[in-house]
Every structure is written in structure tokens, then in C-alpha cells.
Amino acid sequence: MNGSHLMHNVSRLLLVLAMIPACTSGWVFASTDVTTDARRYSLQESSSGYYEDDIEVMPHKRTLPGSPANTTKRTGRYADVHRLVKDYSGKIRCTSCHVNKADNLHTVRGNITCRQCHGLDPIAGADFYYAPMNSIRKHAYVCAKCHQGATPSFATFVVHTPAAGDAKTRSSFPTLYYSHYLMLFLIIGVFVVFLPHSILWWIRDWLMNKRRGK
Amino acid sequence: MNTVTRITRFTVIDRITHLGLILTFSLLSITGAGRLYFNTDWGTAILSWFGGYTSATIIHIWAGWLMTLGFIVHILLVLTRLDWRSWKLSLFGPDSLIPTARDFREFGQRVLWFFGIGNAPKFERWTYWEKFDYWAVFWGIPLLFITGLMLIYPIETSRFLPGWTLNIALLLHRAEAILAISYIIVIHLLVGHFRRSTFPLNETMFSGSVSVEEEAKEKADWIERLSKTGQMQQLKAEPPVTWYRRLYFVFGYAVIASGFYFIGAAIYYSQFIVLH
């Protein structure tokens with residue numbers, strides 16, 4: 001084996017070694033959203049859970065305890081959700097019918113229109129298998145239009161965030177519901193203790209100094 | 001024994017840390033409020049000082065990094081101050097901020113005393129409310145840091161956690177900020193400075209020193225320990241010089257006044273807010 005051959009092999013080995021952390025760490029920002037089989041698998045797991053052969057048949061299954069449910073029965077299995085809506089026309093504002101749907105971070109802060117996410121007519125339901133909103137491909141077909149590198153996991157963010165303290169949220173998004181009440185009781189608790197404490201202290205301080213003639 | 005009339009309570013580093021906390025906390029509160037109230041007149045006014053929504057966000061993020069940096073520096077400092085050979089005393093002794101059974105006892109005693117029952121507790125170096133203030137900030141900063149970091153890097157976060165944790169992060173970040181700001185302004189500023197015995201300004205954290213005579217009333221056990229162990233001499237301090245005193249009076253009142261304005265405006269404009 002001559003010298004240059006050896007050098008060639010060594011540098012090749014170094015290159016391969018250098019690629020191992022890059023492939024396994026998941027920190028390769030400029031590549032596609034999925035870097036290894038293990039990661040691809042875990043990301044799919046976080047978006048869904050039910051497969052027939054390789055095809056996901058039941059999107060929106062919960063994975064972690066406290067995850068948003070998204071399991072309510074909806075009309076979303078159809079290619080055109082408005083197929084039965086009598087007065088529907090693509091010209092009417094979405095919010096004139098879906099009154100509360102504009103209350104979300106994207107519409108309020110990002111000035112994003114409904115159509116930038118839900119697309120042109122016909123608007124397909126999220127559970128329609130071929131819909132861009134189907135959680136198999138929502139990350140790529142919807143979120144990634146603006147959020148470069150969006151993963152299925154990222155797409156589990158609940159865009160239309162329910163009112164955190166609402167009774168319904170307890171089943172639809174338990175973690176949000178309990179975090180809300182945890183923080184609320186923390187805030188109330190702190191002030192219930194320290195507000196009267198401060199007022200009493202203030203009064204006592206006043207009287208005490210008055211007696212001392214200060 | 002020559003008498004000591006003033007002693008050091010906060011070292012220069014303590015005071016610089018506190019000043020850094022005031023500055024980053026204020027900047028974060030203001031830019032954060034601009035974002036939260038962005039659809040109100042007040043919010044747009046605030047945002048315009050910082051060059052708009054986007055640049056206010058960038059400043060908010062940088063101020064957040066600075067505050068975290070200060071937090072880390074503070075932890076390192078605390079570690080150097082611990083005496084590892086007698087770590088028990090160092091952690092649970094009277095010079096430590098770690099809450100002990102004594103604090104709960106003193107809390108009860110003091111509440112009774114508010115109503116004229118029994119005597120006021122003779123506090124050691126740190127009273128229970130001072131410890132509470134400290135630990136509130138101590139847990140608040142990491143919580144705000146972690147949730148803030150998640151929101152700065154949502155895509156990277158979703159590689160480790162499911163994306164819906166961003167919904168939670170947003171809620172926690174806001175709630176903790178609201179708690180911290182209202183506590184600081186209502187309790188920390190109002191009660192700290194506007195009691196009869198501290199009015200017009202509680203100067204300790206700025207001057208760094210306290211009068212022994214005053215402190216013997218509030219923290220009798222501390223003063224007693226210092227004079228018994230002879231540490232009083234080492235802590236001997238000079239009163240603050242006039243120009244410095246003027247400076248921190250102006251600064252202190254600027255912060256207090258803007259704090260009160262802030263909480264008033266925040267409460268008034270909260271009726272117009274959109275929580276999204």
C-alpha cells in the first residue's frame with residue numbers, strides 16, 4: 001500500500017466519522033425535516049399512531065399524556081367541507097360564519113388570512129385523506145410555506161387555540177387547561193397572602209412610628 | 001469598643017446585580033407589554049418607541065438573554081460564596097437565603113403581631129418576605145428563559161418536544177410575566193418604599209449600607225449576632241456621598257413612577273386586549 005493510497009483512505013474515514021454526528025444528532029438545520037429513520041419514525045409517532053401497512057389511517061391520535069385531543073367527530077372527512085352549506089360562496093368572509101376562528105395568533109398577530117392556511121375552494125377537511133391539512137402532510141403543505149423546516153411534530157401546535165379556562169378545553173387540550181388554572185391559582189394565591197399582609201404591615205408601621213413620634 | 005453606626009448590607013456586586021435586574025426587567029416588561037397590548041393605543045405607543053413590533057421583539061429577546069446571563073453570573077457568585085467545608089451552616093445558617101422552619105414561625109408570629117397579639121419577631125439577616133422575593137425571581141427567570149427560548153426557536157423545539165408544547169410555553173410565559181410584574185410593582189415597590197419608616201425611599205439596595213440603630217429595630221437578632229461575634233467592625237460602612245444619593249433618588253423615583261404608571265395603564269387597557 002503506497003503512501004497516497006493510505007492518506008486517501010484515512011481522509012475518507014475521517015469524512016465518514018465526521019458525518020456520523022451530523023446524521024444522528026438531528027441538528028442538521030439546512031437539510032430536509034427528516035434526517036434518520038429513527039427520527040422519521042418518532043416524528044410520525046408524534047403526529048399519529050395508527051398505520052395500515054405504511055399508511056396512516058387515523059390521524060390525530062394522542063401520544064403523550066395531556067396532548068390536545070383533536071378526536072372530536074367532524075365533517076372534515078370530505079374533500080369539500082362546504083358541499084352541503086347552502087349559502088356558501090368563496091366570496092363571503094370566512095369569519096361571518098366561523099365567528100370565533102379569527103381568534104388565533106396567526107390571524108391576530110401575523111395578519112395571515114384563512115386561505116393562506118386552508119387554501120382555495122374547495123376547502124378540504126383535515127381528515128380527508130388527500131387534504132393538505134391532513135396531519136400526514138400538514139407540516140409540509142401548510143406550515144412549511146412560512147415556517148422553514150416545519151416537522152410533523154411542529155404541526156401539532158394548535159393553531160386555533162381554545163380558550164384555556166373553558167370547561168371544554170379540559171378534554172380537548174388538558175395540559176393547556178391545567179396550566180391555565182395552575183398559573184391562575186398561583187397568581188391569586190400570591191396576592192391573597194401578600195396583599196393583606198402588606199396592608200396590615202403598612203398600618204402597623206404607621207401606628208408604630210406615630211407612637212415613637214417619628 | 002468604638003461604636004459602629006453604619007454597616008454594609010449589600011456589597012457592590014450585589015448592588016450591580018440588582019441594578020442589572022432592574023434594567024433588564026424593566027426593558028422586558030415594557031417590550032413585552034408592547035407586544036401583549038399591540039392592538040391598543042398604549043401598545044402601539046410603546047412599540048413605536050422601540051421601532052415597531054418586530055424590533056421590539058428583537059430587543060425583548062436580547063434583554064432576555066442579558067437577564068439570563070445575569071442569572072448565571074449570580075449563581076456562579078453564590079457558589080463562590082458558599083463555604084463548602086461547613087456547607088450545612090453555609091446553606092441553612094442565618095446568612096443563607098434558603099427558607100427554614102424559622103421563617104414560617106416568624107411569618108405566623110408577625111401576622112399575629114399585626115393584630116396586636118404578641119411581640120414582633122426578632123429577625124435575623126433575611127426576613128421571610130425578603131426570601132420570598134428572592135426565590136420568586138430565582139424560579140421566575142428560568143421559567144421565562146425556557147419558555148422564551150422555546151418561542152424564539154419553535155422549529156428546533158419541535159424536534160425535542162411535540163409542537164403543542166408551544167401553546168403551553170406561550171401561556172406560561174405570559175402568566176409568569178404578569179405575576180412577576182404585578183408583584184414587583186404592587187408589593188415590592190409600594191411596600192418597600194412607601195411605608196412610614198422607609199418613606200421616601202428605601203435606600204439600602206442603592207447605598208448598600210444601613211444604620212445600626214434602625215436595623216436593630218427590624219432585624220434585632222442579626223445585629224445582636226454581629227456584635228457578639230465581633231463582625232460588626234468588619235462591616236463598618238460610610239454613609240453614601242451626596243451626589244450618589246441624589247443620583248439614586250432620581251433613578252429610584254423614575255423607576256417607581258414609571259412602575260405605577262405602567263400598572264395603571266396595563267389594568268386600564270386590559271379591557272381592549274386580544275389574548276392571541
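Source: prediction; values computed, not measured. Just so we're on the same page: letters track the sequence lines, and every chain starts at 1.
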Are A:Val108 and B:Asn39 close enough that some pair of their side-chain heavy atoms sits under 4.5 Å apart? no
Atom group of A:Leu195 that falls short of 4.5 Å from chain B, counting heavy atoms: both
Okay, B:Leu161 and chain A: the region with an atom under 4.5 Å from a heavy atom over there is backbone
Taken in chain and number order and not counting sequence neighbours, the residues that satisfy side-chain hydrogen bond (donor to acceptor under 3.5 Å, both in side chains) with A:His82 are none
Within-4.5 Å side-chain heavy-atom neighbours: B:Ile155 and A:Gln148: no
Test item: A:Ser179 side-chain N/O and B:Ile168 main-chain N/O as donor-acceptor pair under 3.5 Å: no
For B:Leu171, which atoms come within 4.5 Å of any heavy atom of chain A: side chain, backbone, both, or neither? side chain
Under a 4.5 Å cut-off applied to non-hydrogen side-chain atoms, are A:Phe157 and B:Thr165 in contact? no
With a 4.5 Å heavy-atom cut-off (strictly below), which parts of residues 92-103 of chain A touch chain B? List them by number. A:Asp103
Flag the pair A:Thr175 / B:Trp164 as yes when at least one side-chain heavy-atom distance between them is below 4.5 Å, and no otherwise. yes
Pair A:His197 + B:Tyr128: ring centers closer than 6.0 Å: yes
Within-4.5 Å side-chain heavy-atom neighbours: A:Phe191 and B:Ser182: yes
Contact origin within B:Phe114 toward chain A - heavy atom pairs under 4.5 Å: both
Test item: A:Trp202 and B:Leu190 side chains (from C-beta on) under 4.5 Å apart, heavy atoms: no
Set of residues satisfying side-chain hydrogen bond (donor to acceptor under 3.5 Å, both in side chains) with respect to A:Thr113, sequence neighbours excluded: A:Gln116
Given heavy-atom pairs under 4.5 angstrom as the criterion, report whether the side chain, backbone, both or neither of A:His106 touches chain B. neither
A:Phe154 meets the ring pair (Phe, Tyr, Trp, His ring centres under 6.0 Å) criterion, sequence neighbours left out, with A:His147
Can a donor-acceptor pair be found, under 3.5 Å and without considering hydrogens, that links the side chain of A:Ser153 to the backbone of B:Arg159? no
Would you say B:Phe107 and A:Val193 make side-chain contact, with heavy atoms under 4.5 Å? yes
Would you check if B:Arg35 and A:Arg109 make a side-chain contact, meaning some heavy-atom pair closer than 4.5 Å? yes
With a 4.5 angstrom heavy-atom cut-off, which part of A:Val190 approaches chain B: side chain, backbone, both or neither? side chain
